[in-house]
Participant: 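Let me give you the structure first, and then I'll get to my questions.
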Amino acid sequence: MSYALKIENLYFSYDTNFSLEDVNLQIPEGILFGIIGPNGSGKTTLLSLIMKFLKPSHGRIEIFGHDTRKLSHKSLARLVAYIAQDFNPAYDFSVEEIVEMGGIARRRSFFESVVYEEELLRALSIVDLVNLRKRPFSTLSGGQQRRALIARAIYQNTPVIVADELTNHLDLGQAIKVMDYLKSLTRMGKTIVITLHDLGFATKYCDILALMDNGRVISVGRPNEVLTEETISRIYKAKVRVIKTSDVPYPWVVF
Ligand SMILES: Nc1ncnc2c1ncn2[C@@H]1O[C@H](COP(=O)(O)OP(=O)(O)OP(=O)(O)O)[C@@H](O)[C@H]1O
């Protein structure tokens, strides 16, 4: 099997008393991989280590066989596009200017300025934003802004997209749209790694889930393997029922 990401024996500590300990993950190519876990369990920290915003104290991360310690930030940006939890541009860029920012890693030099018009349109059309391309990004709704950031990641043209809580604060319809777009990208062969809080979205959309708690990955597998009543109750300290019916192909978490 071809792995997009391999994380081996990863350790990291902040100056506070939080540590990420012995994280091991193998993420196959072309899937939607969800990282779930309670607040403060270390999801964003793990993404920050993948993106080299933080340096592990021990262990290694490989992306398509490349040890990220040996990759320059530009080389990493050709393999992985990152969508952060909050994105507030300092200037009033238009939607298409925001999307074009994904092209920076593709430039041969800082001064080269090439816009791949066809690819730009394709990225915008995948997320249904072509008609809003000239609008200031700041005037879009929360859901449209997330879609523009997905378009930027598509335009960056990387095999892997990492996204932190992309559906937070979105209404149900917008959140479904965003997840549908991400799912459609896996069908184009991209590997998507996303953190999520909503277990309903996690079970419906993710091919594989990793459940984190207190800096450790405590379970990895298909949603129905990871999200058992016992595990959710223990880790989230919430009494739930997990319902499996023949007419819905994924488990329902109800409370
Ligand atoms: N820059 C930092 N310095 C010190 N401690 C930090 C820093 N960033 C995060 N932490 C701590 O590390 C722990 C894990 O935080 P992290 O943001 O990775 O969790 P998370 O699972 O993404 O949480 P949430 O679901 O609330 O976003 C928390 O206890 C947090 O307070």
Participant: Can you tell me how far the CD1 atom of Ile194 sits from the CD1 atom of Ile35, to the nearest 0.5 Å?
Facilitator: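 CD1 of Ile35 is found 9.5 Å from CD1 of Ile194.
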
Participant: Where do Ala153 and Ile83 come nearest, in terms of heavy atoms and distance?
Facilitator: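 Distance-wise, the nearest heavy atoms are CB-CD1, 4.0 Å.
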
Participant: Can you confirm whether Asn24 sits close enough to Asn9 that some side-chain heavy atom of one is under 4.5 Å from a side-chain heavy atom of the other?
Facilitator: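 Answer yes - side chains close enough.
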
Participant: Which pair of non-hydrogen atoms, one from Ala123 and one from Val99, has the smallest distance, and what is that distance?
Facilitator: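 Ala123 and Val99 have their closest heavy atoms at CB-CG1, 4.5 Å.
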
Participant: How long is the straight-line distance from CZ of Arg147 back to CD of Gln174, given to the nearest 0.5 Å?
Facilitator: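 Nearest 0.5 Å value for the CD-CZ distance: 5.5 Å.
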
Participant: Under a single-linkage definition using a 4.5 Å side-chain heavy-atom cutoff for Ile, Leu, Val, Met, Phe, Trp and Tyr, are Val162 and Leu196 assigned to the same hydrophobic cluster?
Facilitator: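 No, no single cluster joins them.
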
Participant: Would you find a donor on one side and an acceptor on the other, under 3.5 Å apart, between the side chain of Arg135 and the backbone of Glu96?
Facilitator: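 No: the side chain of Arg135 does not pair with the backbone of Glu96.
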
Participant: Keeping Ser138 on the side-chain end and Asp92 on the backbone end, is there a donor-acceptor pair under 3.5 Å?
Facilitator: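 Pair absent, no side-chain N/O of Ser138 close to backbone of Asp92.
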
Participant: Strictly below 4.0 Å, N to O, side chains only: are Asp207 and Lys183 in salt-bridge contact?
Facilitator: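 Result for this pair is yes, salt bridge flagged.
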
Participant: Is there a donor-acceptor pair closer than 3.5 Å between any side-chain N or O of Arg146 and the backbone N or O of Asn168?
Facilitator: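 Yes: the side chain of Arg146 pairs with the backbone of Asn168.
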
Participant: Is Lys134 reaching over with its side chain to a backbone N or O of Val95, donor-acceptor style, under 3.5 angstrom?
Facilitator: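 Not a single qualifying donor-acceptor pair exists.
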
Participant: For the pair Ile126 and Met188, evaluate side chain to side chain contact (heavy atoms under 4.5 Å, CB included) and give the outcome as yes or no after the intermediate values.
Facilitator: CA-CA 11 Å; Ile126 288 174; Met188 297 174 197; 3.8 Å; yes

Participant: Would you check if Ser41 and Asn214 make a side-chain contact, meaning some heavy-atom pair closer than 4.5 Å?
Facilitator: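 With C-beta onward as the side chain, the pair stays apart.
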
Participant: Would you confirm whether Lys55, through its side chain, and Arg69, through its main-chain N or O, come within 3.5 Å as a donor-acceptor pair?
Facilitator: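 Looks like no, no N/O pair under 3.5 Å.
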
Participant: Can you tell me how far apart CG (Asp213) and OH (Tyr236) are? Round to the nearest 0.5 Å.
Facilitator: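 The OH atom of Tyr236 is 9.0 Å from CG of Asp213, to the nearest 0.5 Å.
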
Participant: Could you go step by step and tell me if Arg60 and Leu10 meet the side chain to side chain contact (heavy atoms under 4.5 Å, CB included) rule?
Facilitator: CA-CA 6 Å; Arg60 55 190 266 141; Leu10 198 71; over 6 Å; no

Participant: Please evaluate residues Phe255 and Lys239 with respect to the criterion side chain to side chain contact (heavy atoms under 4.5 Å, CB included), reporting the C-alpha separation (whole Å), side-chain torsions for both, the decisive distance (0.1 Å), and the verdict.
Facilitator: CA-CA 7 Å; Phe255 45 87; Lys239 202 161 167 38; over 6 Å; no

Participant: Does Asn17 have more than 12 heavy atoms from other residues, nucleotides or ligands lying within 6.0 Å of its CG?
Facilitator: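 Atom CG in Asn17 is not crowded, with 12 or fewer foreign heavy atoms closer than 6.0 Å.
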
Participant: Taking the side chain as every heavy atom from C-beta outward, state whether Phe64 and Pro159 have any atom pair closer than 4.5 Å.
Facilitator: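 Counting from C-beta outward, Phe64 and Pro159 do come under 4.5 Å.
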
Participant: Considering the options Asn157, Thr158, Ile150, which one meets the side-chain contact (heavy atoms from CB on, under 4.5 Å) requirement together with Ile154?
Facilitator: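 Among Asn157, Thr158, Ile150, the one that satisfies the side-chain contact (heavy atoms from CB on, under 4.5 Å) with Ile154 is Ile150.
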
Participant: Is Ile27 linked to Leu211 within one hydrophobic cluster, defined over Ile, Leu, Val, Met, Phe, Trp and Tyr using a side-chain heavy-atom separation of less than 4.5 Å?
Facilitator: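 The answer is no; the residues belong to distinct hydrophobic clusters.
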
Participant: Would Gln144 and Leu132 count as a side chain to side chain contact (heavy atoms under 4.5 Å, CB included) if you check the C-alpha gap in whole Å, the side-chain angles of each, and the deciding distance to 0.1 Å?
Facilitator: CA-CA 9 Å; Gln144 290 165 336; Leu132 296 183; 3.5 Å; yes

Participant: Please determine whether residues Leu124 and Leu149 belong to a single hydrophobic cluster, defined as Ile, Leu, Val, Met, Phe, Trp and Tyr linked transitively by side-chain heavy-atom distances below 4.5 Å.
Facilitator: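 Per the 4.5 Å side-chain linkage, Leu124 and Leu149 are co-clustered.
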
Participant: Just how far is it from atom CG of Leu182 to atom CD1 of Ile161, taken to the nearest 0.5 Å?
Facilitator: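 One gets 7.0 Å once the value is rounded to the nearest 0.5 Å.
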
Participant: Can a donor-acceptor pair be found, under 3.5 Å and without considering hydrogens, that links the side chain of Thr68 to the backbone of Glu62?
Facilitator: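 Side chain of Thr68 to backbone of Glu62, a donor-acceptor pair under 3.5 Å: no, none is there.
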
Participant: What distance do Met101 atom CE and Ile104 atom CD1 have between them, rounded to the nearest 0.5 Å?
Facilitator: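 Rounded to the nearest 0.5 Å, the CE-CD1 separation comes out at 6.5 Å.
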
Participant: If hydrophobic clusters are built by linking Ile, Leu, Val, Met, Phe, Trp and Tyr wherever their side-chain heavy atoms come under 4.5 Å apart, do Ile63 and Leu47 end up in the same one?
Facilitator: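 In one cluster: yes.
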
Participant: So if you build clusters from Ile, Leu, Val, Met, Phe, Trp, Tyr with side-chain heavy-atom gaps below 4.5 Å, do Val178 and Val160 land together?
Facilitator: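 No, Val178 and Val160 fall in different hydrophobic clusters.
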
Participant: Without hydrogens or angle criteria, can the side chains of Ser2 and Glu29 be said to hold a donor-acceptor pair below 3.5 Å?
Facilitator: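 Yes.
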
Participant: Answer yes or no: is there a donor N or O on one side and an acceptor on the other, between the side chain of Ser48 and the main chain of Phe53, under 3.5 Å?
Facilitator: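 Checked: no pair found.
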
Participant: Taking all non-hydrogen atoms of both residues, which atom of Asp247 and which atom of Thr245 are closest, and how far apart?
Facilitator: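 Shortest heavy-atom separation between Asp247 and Thr245 comes out as OD1-OG1, 2.9 Å.
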
Participant: Without swapping roles, check the side chain of Asp164 against the backbone of Thr44 for a donor-acceptor pair under 3.5 Å.
Facilitator: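 Not confirmed, Asp164 side chain does not pair with Thr44 backbone.
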
Participant: Strictly by modelled atom types, are Asp86 and Asn88 linked by a side-chain donor-acceptor pair under 3.5 Å?
Facilitator: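 No, no side-chain donor-acceptor contact under 3.5 Å.
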
Participant: Below 4.5 Å, heavy atoms only, C-beta onward: do Leu20 and Leu46 meet side chain to side chain?
Facilitator: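 In short, these two side chains touch, coming nearer than 4.5 Å.
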
Participant: If every non-hydrogen atom of Ala210 is compared with every non-hydrogen atom of Val217, which pair is closest and at what distance?
Facilitator: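 Here Ala210 and Val217 meet closest at CB-CG1, 4.2 Å.
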
Participant: Taking all non-hydrogen atoms of both residues, which atom of Leu172 and which atom of Phe201 are closest, and how far apart?
Facilitator: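 Shortest heavy-atom contact: CD1-CZ, 3.9 Å.
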
Participant: Looking only at heavy atoms, what is the nearest atom pair of Ser75 and Leu71, with distance?
Facilitator: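 Residues Ser75 and Leu71, closest heavy atoms: CB-CD2, 3.9 Å.
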
Participant: Using a strict 4.0 Å threshold on nitrogen-to-oxygen distance, state whether Arg234 and Glu230 make a salt bridge.
Facilitator: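 Answer for the salt bridge query: yes.
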
Participant: Between Glu8 and Lys6 (salt bridge meaning N to carboxylate O under 4.0 Å), is one present in this structure?
Facilitator: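 No, this pair does not count.
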
Participant: With a 4.5 Å limit on heavy-atom distance, are the side chains of Leu120 and Arg133 in contact?
Facilitator: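 Yes. Closest side-chain heavy atoms under 4.5 Å.
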
Participant: State which residues pass ring pair (Phe, Tyr, Trp, His ring centres under 6.0 Å) with Phe87; sequence neighbours excluded, sorted by chain then number.
Facilitator: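 In terms of ring pair (Phe, Tyr, Trp, His ring centres under 6.0 Å), with neighbours along the sequence ignored, Phe87 is linked to Phe137.
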
Participant: With a 4.5 Å cut-off on side-chain heavy atoms, are Ile7 and Ile50 touching?
Facilitator: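 Heavy-atom side-chain distance check passes, below 4.5 Å.
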
Participant: Using a strict cut-off of less than 4.0 Å between a Lys/Arg side-chain nitrogen and an Asp/Glu carboxylate oxygen, indicate whether Glu229 and Lys244 qualify as a salt bridge.
Facilitator: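 Salt bridge: no.
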
Participant: For the side chain of Arg78 and the backbone of Ala105, is there at least one donor-acceptor N/O pair under 3.5 Å apart?
Facilitator: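 Yes, because the side chain of Arg78 sits within donor-acceptor range (under 3.5 Å) of the backbone of Ala105.
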
Participant: How long is the gap from CZ on Phe33 to CG on Leu25, to the nearest 0.5 Å?
Facilitator: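 Between atom CZ of Phe33 and atom CG of Leu25 there are 4.5 Å.
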
Participant: So do Leu209 and Val220 actually touch side chain to side chain, heavy atoms under 4.5 Å?
Facilitator: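 No; the side chains remain at least 4.5 Å from each other.
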
Participant: Check whether any side-chain heavy atom of Val254 sits under 4.5 Å from a side-chain heavy atom of Ile243, and report yes or no.
Facilitator: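 A side-chain contact exists here, since the closest heavy-atom pair is under 4.5 Å.
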
Participant: Is the ring pair Tyr14/Phe18 parallel, tilted or perpendicular, if the boundaries are 30 and 60 degrees?
Facilitator: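 Rings of Tyr14 and Phe18: tilted, as their planes differ by 30° to 60°.
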
Participant: Indicate yes or no for a side-chain donor-acceptor contact from Ser125 to the backbone of Leu121 under 3.5 Å, with no hydrogens or angles considered.
Facilitator: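 Here the side-chain-to-backbone pair exists.
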
